[in-house]
Amino acid sequence: MKKIMNEQLIYEVLSVVEEIPEGKVATYGQIACLIGRDKNARLIGKILSQAEFYGQYPCHRVVNHAGRLVPGWDEQRFLLLEEGVSFKNSNHVDMKKNKWEY
DNA sequence: TTTATGACCTGCA
DNA sequence: CTGCAGGCCATAA
């Protein structure tokens, strides 16, 4: 009764990320709140980086509170454009219209 | 256990 | 929203 928690968080996070509709973007704090870890927003990013290892998830729809895309991942911008997400500039999305509300 | 790092958040200007 | 400073939690060394 000790190792679990890692899998638990991943399961909860991916479950929420998978429910994000197309053309919408959710913030880490939003997801963290849904899983009951609003303080662990940073873990979401760490988990999402591992999410690719666990399975295919729309991690490109997840951005930070400022609407900034993942640093070092220019491909995410292209993926969001296909979903119909509006962009303010090369690395910032228009959360005003694309922010996901559950 | 302590230190350092991170796909972050909130508050203030 | 943007930029700066402080803070919370989990992982790795």
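Throughout, a chain's letter reflects where its sequence line sits, starting with A, and its residues are numbered from 1.
- If you measure from atom CG of Leu43(A) to atom C1' of dA12(C), you get 13 Å, rounded to the nearest angstrom.
- The side chain of Asn40(A) lies closest to dA10(C) when the candidates are dA7(B), dA10(C), dC9(B).
- Close to dA7(B), at under 4.0 Å from its OP1 or OP2, lies no side-chain N or O of Asn64(A).
- Note: CG (Asp38(A)) to P (dG7(C)) measures 17 Å, nearest angstrom.
- Residue Lys46(A) holds its NZ atom at 12.0 Å from CD1 of Ile10(A), rounded to the nearest 0.5 Å.
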Protein and nucleotides 11-13 of chain B: nitrogen or oxygen contacts under 3.5 angstrom:
none

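- For Lys39(A), counting side-chain heavy atoms from C-beta on, the closest listed nucleotide (dC9(C), dC9(B), dC1(C)) is dC9(C).
- In this structure, the separation between CG on Leu80(A) and OG on Ser86(A) is 10.5 Å, given to the nearest 0.5 Å.
- Between the C1' atom of dA12(C) and the CD atom of Gln50(A) lies a distance of 12 Å, rounded to the nearest Å.
- In the displayed structure, Lys99(A) atom NZ is contacted under 6.0 Å by more than 12 heavy atoms of other residues, nucleotides or ligands.
- Put simply, the side chain of Gln76(A) gets close to the backbone of His60(A): a donor and an acceptor are under 3.5 Å apart.
- Looking at the side chain of Arg42(A), the nearest of the listed nucleotides dT11(C), dC9(B), dC8(C) is dC8(C).
- From Ser49(A), atom OG reaches atom CH2 of Trp73(A) across 10.5 Å, with rounding to the nearest 0.5 Å.
- With rounding to whole Å, Asn98(A) atom CG is found 12 Å from dC1(C) atom P.
- Taken together through direct or relayed side-chain contacts under 4.5 Å among Ile, Leu, Val, Met, Phe, Trp and Tyr, Ile20(A) and Met95(A) form parts of separate hydrophobic clusters.
- Enclosure of atom OH in Tyr11(A) is not indicated, since only 12 or fewer non-hydrogen atoms of other residues, nucleotides or ligands lie within 6.0 angstrom.
- Look at CD1 on Ile35(A): it is 12 Å from C1' on dA10(C), rounded to the nearest Å.
- Residue Ile31(A) contributes atom CD1, which lies 17 Å from atom P of dA10(C) at whole-angstrom precision.
- For Arg61(A) (side chain) and Lys24(A) (main-chain N/O), no donor-acceptor pair under 3.5 Å exists by modelled atom type.
- Atom C1' of nucleotide dT5(B) and atom CD1 of Ile47(A) are separated by 16 Å, given to the nearest angstrom.
- The distance between atom CG of Leu34(A) and atom C1' of dC9(B), rounded to the nearest whole Å, is 15 Å.
- With hydrogens and angles disregarded, a donor-acceptor distance shorter than 3.5 Å links the side chain of Asn64(A) to the backbone of Gly67(A).
- Within residues 15-22 of chain A, no residue places a heavy atom under 4.0 Å from DNA chain B.
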